[in-house]
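For clarity, every value in this text was computed on a predicted model and none was experimentally measured. We count ligands from 1, going down the list as the structure has it; atoms in each ligand are counted the same way.
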Amino acid sequence: MTSRPDLLQGLADARARRVGGALGRRTRTVGRDVAAPVSLFVDGRRLLDFASNDYLALARDAAVVDALAGAARRTGVGAGAAHLLGGHREEHAALEEALAAWTGRSRALLFSTGYMANLGVLQALLAPAEPTARTTPALCVQDKLNHACLIDGARLAGCELKRYPHADVEAARRQFGTRPGAAAMLATDGVFSMDGDIAPLRALAALCAEEQALLMVDDAHGLGVLGPRGAGSLAESGLDETAAPVLMATLGKALGVAGAFVAGSASLIDGLVQFARPYIYTTAMPPALAAACLAAVGIARDDGERRQRLLLNIERFRAGAAARGLPLLPSRTAIQPLLVGDSVAALQAAQTLEAAGFFVPAIRPPTVPEGSARLRVTLSAAHVEADIDGLLAALSRCLPRSGAAS
Ligand SMILES: *Cc1c(COP(=O)(O)O)cnc(C)c1O
């Protein structure tokens with residue numbers, strides 16, 4: 001018998017290489033307290049949290065917590081089954097209706113996570129309907145900085161994936177040109193998760209209209225933050241269901257809960273129900289979470305003052321960082337990365353900040369491109385001016401002034 005390579009040893013070797021290159025990751029166990037806004041506790045020490053995607057402070061909002069607890073008391077915890085097998089409750093249906101109305105779409109469909117939603121949509125639309133049929137593979141054109149799950153979804157679908165340099169609409173056009181006549185989709189983050197900038201959505205929609213390609217936008221970081229009534233980046237750009245037929249967004253970021261949805265036409269949603277495997281073959285999200293999401297949607301939609309506080313915090317951070325010459329990236333969203341470049345330097349800066357009482361993660365390759373390690377600061381409506389000023393002072397002690405970051 002020939003000997004086989006040892007898979008566990010291969011994994012251990014890869015890990016050793018990664019950790020050696022200052023690219024290792026570790027899970028931190030943190031504590032939280034609903035009474036302590038924007039704080040987390042590590043080994044008993046309180047840190048100010050500048051890492052959370054809970055932009056509207058809904059994860060600890062009393063009305064959202066009460067909705068969760070109340071629904072759990074009424075209906076129990078788990079859904080008990082998949083949506084198609086008796087797990088789809090009134091709470092799910094009410095949430096889907098509210099999400100469709102909020103985003104100005106005909107229908108919405110819940111998924112348990114954003115990762116699964118993207119896998120499901122791309123596989124349902126791009127995988128050959130009958131695996132044996134001899135059809136040419138569909139084309140999926142994507143921004144190079146798209147979230148990992150959009151990339152993985154295209155790979156899972158077995159389509160042809162072509163990526164274009166970040167936000168470069170003409171480069172996207174050239175990618176379509178490589179496969180004229182092929183069924184095609186363009187998928188992009190609405191707000192880029194590690195950069196905070198917004199995709200050129202109107203230009204991409206116009207390109208898709210010219211190319212007869214389907215536009216899909218992942219608005220995980222835009223929903224609740226951008227647009228009239230927080231309806232997201234597509235609403236801000238005035239792109240309706242015809243111009244942007246596939247909208248995906250998550251419920252675990254600005255909405256502070258968990259889960260995700262896809263919104264669009266009735267025919268899109270009906271098709272996903274039949275073919276999106278991550279919808280079909282998984283347990284429905286706990287109905288109490290859906291009830292909590294519904295409460296969060298109501299606040300995110302109607303509490304403009306909360307969104308205004310977030311926007312003021314973003315402005316204060318940017319103005320202070322610019323005044324101190326910190327290496328800001330062009331973002332007007334809650335994601336405000338500071339470019340460091342070198343992974344070791346980014347990690348050291350994060351450790352210095354933590355010692356000073358601020359939790360800001362260092363984001364390193366492969367999450368971001370080689371040589372573009374950064375501190376990813378995220379802001380929340382619950383930060384107060386002193387939190388932001390304290391962070392800025394700590395940042396200017398541990399980061400080089402901009403220009404040195406190249
Ligand atoms: C977080 C995120 C996802 C994944 O959503 P989860 O619900 O956390 O699985 C998808 N897309 C983008 C752009 C994200 O930032």
Side-chain angles (χ1 to χ4, degrees), residues 25 27 51-56 58-59 92 95-96 99 103 108-123 140 142-157 161 163 166-167 185-199 201 204 215-227 232-234 236 244 246-263 276-279 282-286 289-290 292-293 296-297 300 329 331 333-337 361 363 366-369 374 376-380:
R25 288 124 195 269
T27 305
S52 169
N53 302 314
D54 181 22
Y55 307 128
L56 297 175
L58 288 169
H92 298 124
L95 176 59
E96 287 177 341
L99 290 167
T103 55
L109 187 72
L110 291 176
F111 284 79
S112 295
T113 71
Y115 214 117
M116 292 170 70
N118 280 343
L119 297 186
V121 171
L122 294 179
Q123 168 250 317
C140 187
Q142 296 203 18
D143 190 293
K144 277 208 168 140
L145 297 190
N146 273 356
H147 192 271
C149 57
L150 283 172
I151 308 289
D152 289 358
R155 289 185 181 146
L156 179 67
L161 171 62
R163 299 165 79 185
H166 182 47
M185 167 192 280
L186 187 149
T188 182
D189 285 16
V191 173
F192 288 87
S193 56
M194 296 299 137
D195 290 68
D197 61 331
I198 302 166
L201 292 169
L204 290 173
L215 176 61
M216 169 174 184
V217 175
D218 173 340
D219 208 22
H221 298 278
L223 189 73
V225 175
L226 299 174
S233 62
L234 288 172
E236 185 183 72
V246 186
L247 162 61
M248 172 275 182
T250 67
L251 303 167
K253 287 170 179 154
L255 290 164
V257 187
F261 67 98
V262 176
R277 296 166 64 90
Y279 175 80
T282 199
T283 303
M285 76 159 66
L289 280 188
C293 286
V297 166
L329 292 179
S331 160
T333 67
I335 302 165
Q336 292 292 330
I363 308 290
T367 305
V368 292
R374 64 200 63 188
R376 179 177 182 266
V377 172
T378 53
L379 298 167
S380 146

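Between His166 and Phe192, the angle of the ring planes goes over 60°, which puts this pair in the perpendicular group of the 30/60° scheme.
Listed by chain and number, the residues in a salt bridge (Lys or Arg N to Asp or Glu O under 4.0 Å) with Arg155 are Asp152 (sequence neighbours excluded). Applying the side chain to side chain contact (heavy atoms under 4.5 Å, CB included) criterion to Ala284, with sequence neighbours excluded, gives Ala79, His83, His92. Annotation: salt bridge (Lys or Arg N to Asp or Glu O under 4.0 Å) contacts of Asp54 (sequence neighbours excluded): none.
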Please produce the table of protein N or O atoms sitting under 3.5 Å from N or O atoms belonging to ligand 1, one pair a line, distance to 0.1 Å.
residue	atom	partner	partner atom	Å
ligand 1	7 (O)	Gly114	N	2.7
ligand 1	9 (O)	Gly114	N	3.1
ligand 1	9 (O)	Tyr115	N	3.0
ligand 1	11 (N)	Asp218	OD1	3.4
ligand 1	11 (N)	Asp218	OD2	2.5
ligand 1	15 (O)	His221	NE2	2.6
ligand 1	15 (O)	Lys253	NZ	2.8

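Not a single donor-acceptor pair under 3.5 Å links the side chain of Thr282 to the backbone N or O of Pro278.
Atom CZ of Arg277 sits in a sparse spot, with 12 or fewer heavy atoms from other residues, nucleotides or ligands closer than 6.0 Å.
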